[in-house]
Amino acid sequence: MARVCDLQSLSSLFASRPTIPRSSNFKPICSFHCSSSSSSSSSSSSPFTEKHSVKRYQRDDWLYKNQADESSVASSCSIPSDSESIRQNDIALQLPELKKLLQVLREKRASSGGDDGKCGPGNVFLVGTGPGDPELLTLKAVKVIQSADLLLYDRLVSNDVLDLVGSDARLLYVGKTAGFHSRTQEEIHELLLNFAEAGATVVRLKGGDPLVFGRGGEEMDFLQQQGIQVKIVPGITAASGIAAELGIPLTHRGVATSVRFLTGHSRQGGTDPLFVAENAADPDSTLVVYMGLSTLPSLALKLMHHGLPPDTPAAAIERGTTPQQRIVFAELKDLADEIKAAELVSPTLIIIGKVVSLSPHWSLSSKEASSLVEA
């Protein structure tokens, strides 16, 4: 593919539009050696859409109709030497079909709007797809997914969920991974707005719940400011879905009186977590850390510095609720080392707190778990 050195923003390109009137998947690994069939999950296929994957280009092949054949598109994008150039180049390849789809939708909207061609904007749904297992989808989510004209989906929407999309719908990958964003947040906003204004039923698919560390609130706020109504379809957030899979009660009488969700993201990609308040190190609370693989060593040290016991039970769950799920159980002081030894990859959820030892898979001591239950 040709390299694109300079590319206009999506908003400026779309602004030139013509005027038309209008389980049994448990695979534990732990410092107590529950079981492990492999040293790393990197060899197994991901249940999610990884960046530059061939499957992604096969799913979105409608965007590349006027380009080289599908295999060459995928292979030429698979080893980027410059992430930003690759990202902009991919957008440039997709733009002709995106603009064509916009035109078709506008004409359809105009023809169905009566003699004066007036018709309101389309619907935008922010849909949570849960942690990965398609059977955890809500009935409403399935109904909305199957009625969409266009679906913008994130990396952590599982392939099994995407298989439920209607045959006439169009899929567009807008996922983000560390160091590579296929679309900036502003570009995602513009895509949602332009297709909604064209009268489409647009579904924004997000892993987990759209309003829990998913930037769904930002998208909703932007669209509402533009006069577009947004409907939220909640999903099972990773914390509750994965904890339930492992039999970990996030709260438990006499053990944990509260639960706190933390983002493990660091400022500007560093190794230090955003912020860990002293009261986050409460031994009577459960901490669930999203996106915390790279910052866990620093996070664990801060928690222990603020008073959380080093022997606090903890678990790290890679690709939770999917067939590729793997789990590391360890005490807080050892968790980072055990994760490194097991070579866990993103997405990995981290659960820290005494409730972890209530899981039937926790193998430290059944006596410890029993004493907690009786407390």
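What you see below is based on every heavy atom in this structure, not just the backbone, and it leaves out hydrogens, waters and symmetry mates. Model, not experiment: these values are computed from the prediction.
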**Q.** Non-hydrogen atoms of I248 and S359 that approach each other most closely
**A.** CG1-CB, 3.6 Å
Q: List for me each residue that meets side-chain contact (heavy atoms from CB on, under 4.5 Å) alongside P210, sequence neighbours excluded, and say none if there are none.
A: L126, K206, I232
Q. Under 4.5 Å between side-chain heavy atoms, hopping through other hydrophobics if needed: is there a path connecting F125 to L137?
A. yes
**Q.** Single-linkage hydrophobic cluster F213~L136, side-chain heavy atoms < 4.5 angstrom
**A.** no
Q | I350: which of L287, V288, L296 passes side chain to side chain contact (heavy atoms under 4.5 Å, CB included) | A | L296
Q.
Using 0.5 Å steps for rounding, measure from the CG atom of L332 to the CG atom of L301.
A. 8.5 Å
Q: Enter the distance from R170:CZ to L150:CG here, rounded to the nearest 0.5 Å.
A: 9.5 Å
Q.
Would a single hydrophobic cluster contain both I236 and L156, if residues Ile, Leu, Val, Met, Phe, Trp and Tyr are joined by side-chain heavy-atom contacts under 4.5 Å?
A. no
Q. CZ/R183 to CD1/I188 distance, rounded to the nearest 0.5 angstrom?
A. 8.5 Å
Q: Flag the pair L205 / D154 as yes when at least one side-chain heavy-atom distance between them is below 4.5 Å, and no otherwise.
A: no
Q) Closest heavy-atom contact between A315 and V356? A) CB-CG1, 4.1 Å
Q. Under 3.5 Å, is there a donor-acceptor pair linking the side chains of Y290 and T237?
A. yes
Q: Provide the closest heavy-atom pair for V345 versus L293 in the form atom of the first, atom of the second, distance.
A: C-CD1, 3.5 Å
Q. Can you tell me if CG on D168 sees more than 12 non-hydrogen neighbours from other groups inside 6.0 Å?
A. no
Q: If the plane angle is over 60° it's perpendicular, under 30° parallel, otherwise tilted; pick one for F222 and H189.
A: parallel
Side-chain donor/acceptor pairs under 3.5 Å, residues 139-149, sequence neighbours excluded:
| residue | atom | partner | partner atom | Å |
| --- | --- | --- | --- | --- |
| S147 | OG | K143 | O | 3.3 |
| S147 | OG | V144 | O | 3.0 |
| D149 | OD2 | T201 | N | 2.8 |

Q) Which heavy-atom pair separates I327 from Q325 by the least distance, and what is that distance? A) CD1-NE2, 3.5 Å
Q. Got V355 and L250 here, is their nearest side-chain heavy-atom distance under 4.5 Å?
A. no
Q) CZ/R326 to CD1/I317 distance, rounded to the nearest 0.5 angstrom? A) 12.5 Å
Q.
side-chain contact (heavy atoms from CB on, under 4.5 Å) for V174 and E187? Distances and angles first, verdict last.
A. CA-CA 9 Å; V174 293; E187 288 166 348; over 6 Å; no
Q: Provide the closest heavy-atom pair for A314 versus I352 in the form atom of the first, atom of the second, distance.
A: CB-CG1, 4.1 Å
Q. Can you tell me how far CG of L308 sits from NZ of K302, rounded to the nearest 0.5 angstrom?
A. 14.5 Å
Q: Please determine, by modelled atom types, if Q185 and E219 share a side-chain donor-acceptor pair under 3.5 angstrom.
A: yes
Q | salt bridge (Lys or Arg N to Asp or Glu O under 4.0 Å) against D284, all qualifying residues, sequence neighbours excluded | A | K354
Q) CG/L192 to CE/M220 distance, rounded to the nearest 0.5 angstrom? A) 13.0 Å
Q.
So P347 and R319, do their side chains get closer than 4.5 Å, heavy atoms only?
A. yes
Q) Minimum heavy-atom separation for V124 to A196, with atom names? A) CG2-CB, 3.6 Å
Q: Taking S158 for its side chain and G132 for its backbone only, find out whether a donor-acceptor pair lies under 3.5 Å.
A: yes
Q: Please examine the side chains of P134 and V161, heavy atoms only from C-beta on, and report whether any two atoms are closer than 4.5 Å.
A: yes
Q) side chain to side chain contact (heavy atoms under 4.5 Å, CB included) with L162: which of Y173, F48, Y153? A) Y153
(Q) Tell me whether T129 contacts the main-chain N or O of V157 through its side chain, where contact means a donor paired with an acceptor under 3.5 Å. (A) no
**Q.** Any side-chain heavy-atom pair of I351 and T286 under 4.5 Å
**A.** yes
